[in-house]
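Here is the structure we will look at, set down as structure tokens.
Computed from a predicted structure; not experimentally measured. As the structure lists them, so they are numbered: ligands from 1, and atoms in each ligand from 1.
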Amino acid sequence: MLPFARVAIIGLGLIGSSLARAIREAMPTVRVTGYDADPDVRAVARAIDLCDDVTDTAGACVTDAELVVLCVPVRAMGAAAAEIAVDLPDEAVISDVGSCKADVLAQLTAVLPDHRIIPAHPVAGTENSGPEAGFARLFRRRWCIVTPPAGADPAAVERVAELWRRVGADVEMMDPQHHDLVLAVTSHLPHLIAYTIVGTASDLEGVTRSEVIKYSAGGFRDFTRIAASDPTMWRDVFLANKDAVLEMLQRFSEDLSALQRAIRWNDGDALFNLFTRTRAIRRSIVEQGQDDPAPDFGRRHD
Ligand code: NAP
């Protein structure tokens, strides 16, 4: 049996449009309605026939929904929930796809205290944004972390988990705070480092911008993919997951200082031991199917 017969998606960017496509592909009888605050995004969504119906107001999108998934930047979640509050059926389940969970859960609970709120985070994405950047296979073999609040209705949790399984994701349950700590080190900190390195390179005086671009295959270009990620989304993630990010940043700064010291004092063993450990982590990621084993990310060398 299908987990939901009618799904409303608020926010039709990369993740919302990918979810709409994935639901229509995996569960063609589910009715998918969509809404986005940006009229241009709504026009594109209609032109590419993204949903069964793209509405001009958030309320109209949710009137008969069994599940509403908020796919907007994390600091816009509360406002998006407020916009649908009056029109939301009492029995509807509310979920979201935000990259941090404790802050989003607090925003949604404040606005919709009487609804079943089951947040989730598909750990899948690209550096692109908007409805045309989405694709149905985005969630295949990627984790979706469902973070129900304490005391959540187990049936609603299972229905949300089943929806994500049907679109190809592997589902894991996690406490929202723990999710934020794990993602701070696996996702948020790497983005912060990429933004820093690319920013540092572009501010250099003794090395020209064209040299940075020309010789980027030395490692720099792999950071530029991450540093090209959506500015609104990432501004919101760092502000909404402030505590966990600052905690991980503190640890990172200490480890960076240790490396600095090892270089200064010619401690080759310290460098070699760390680089050996980190190489093993890359191997585990490939072994667990979380990345392609092709060298140099499968780039062509012909
Ligand atoms: P996106 O491509 O920029 O799409 C977000 C869309 O939501 C935009 O069209 C935006 O319109 C619209 N929007 C903003 N506020 C709204 C509101 N109150 N009501 C209705 N629509 C609103 O962003 P995305 O990459 O899909 O990210 C969406 C969510 O997914 C974020 O919470 C993010 O943390 C999470 N996520 C992202 C990734 C990723 O890799 N991108 C991965 C996993 C989870 P405007 O542009 O006019 O504001």
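Within a 6.0 Å radius of CZ in R141, other residues, nucleotides and ligands contribute 12 heavy atoms or fewer.
Members clustered with I281: I285, by chain and number, using a 4.5 Å side-chain heavy-atom cutoff among hydrophobic residues.
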Tabulated below should be the N or O atoms of ligand 1 paired with protein N or O atoms at under 3.5 Å; can you produce that?
residue  : atom   : partner : partner atom : Å
ligand 1 : 2 (O)  : L14     : N            : 2.9
ligand 1 : 2 (O)  : G130    : N            : 2.9
ligand 1 : 9 (O)  : D36     : OD1          : 3.1
ligand 1 : 9 (O)  : D36     : OD2          : 2.7
ligand 1 : 11 (O) : D36     : OD1          : 3.3
ligand 1 : 21 (N) : A37     : N            : 3.1
ligand 1 : 26 (O) : L14     : N            : 3.2
ligand 1 : 26 (O) : I15     : N            : 2.8
ligand 1 : 32 (O) : V72     : O            : 2.6
ligand 1 : 34 (O) : S99     : N            : 3.2
ligand 1 : 34 (O) : S99     : OG           : 2.6
ligand 1 : 36 (N) : S99     : OG           : 3.4

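Just one residue in the list D36, D53, D56 forms a salt bridge (charged side-chain N to carboxylate O under 4.0 Å, His left out) with R42, and that residue is D56. Under the side chain to side chain donor-acceptor pair (under 3.5 Å) test applied with H121, the options K101, H179, E172 reduce to a single match, H179.
Between H191 and W234, the angle of the ring planes stays under 30°, which puts this pair in the parallel group of the 30/60° scheme.
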CA sep, side-chain torsions, deciding dist, call: S284, E287, side-chain hydrogen bond (donor to acceptor under 3.5 Å, both in side chains) = CA-CA 5 Å; S284 310; E287 274 162 23; 5.0 Å; no
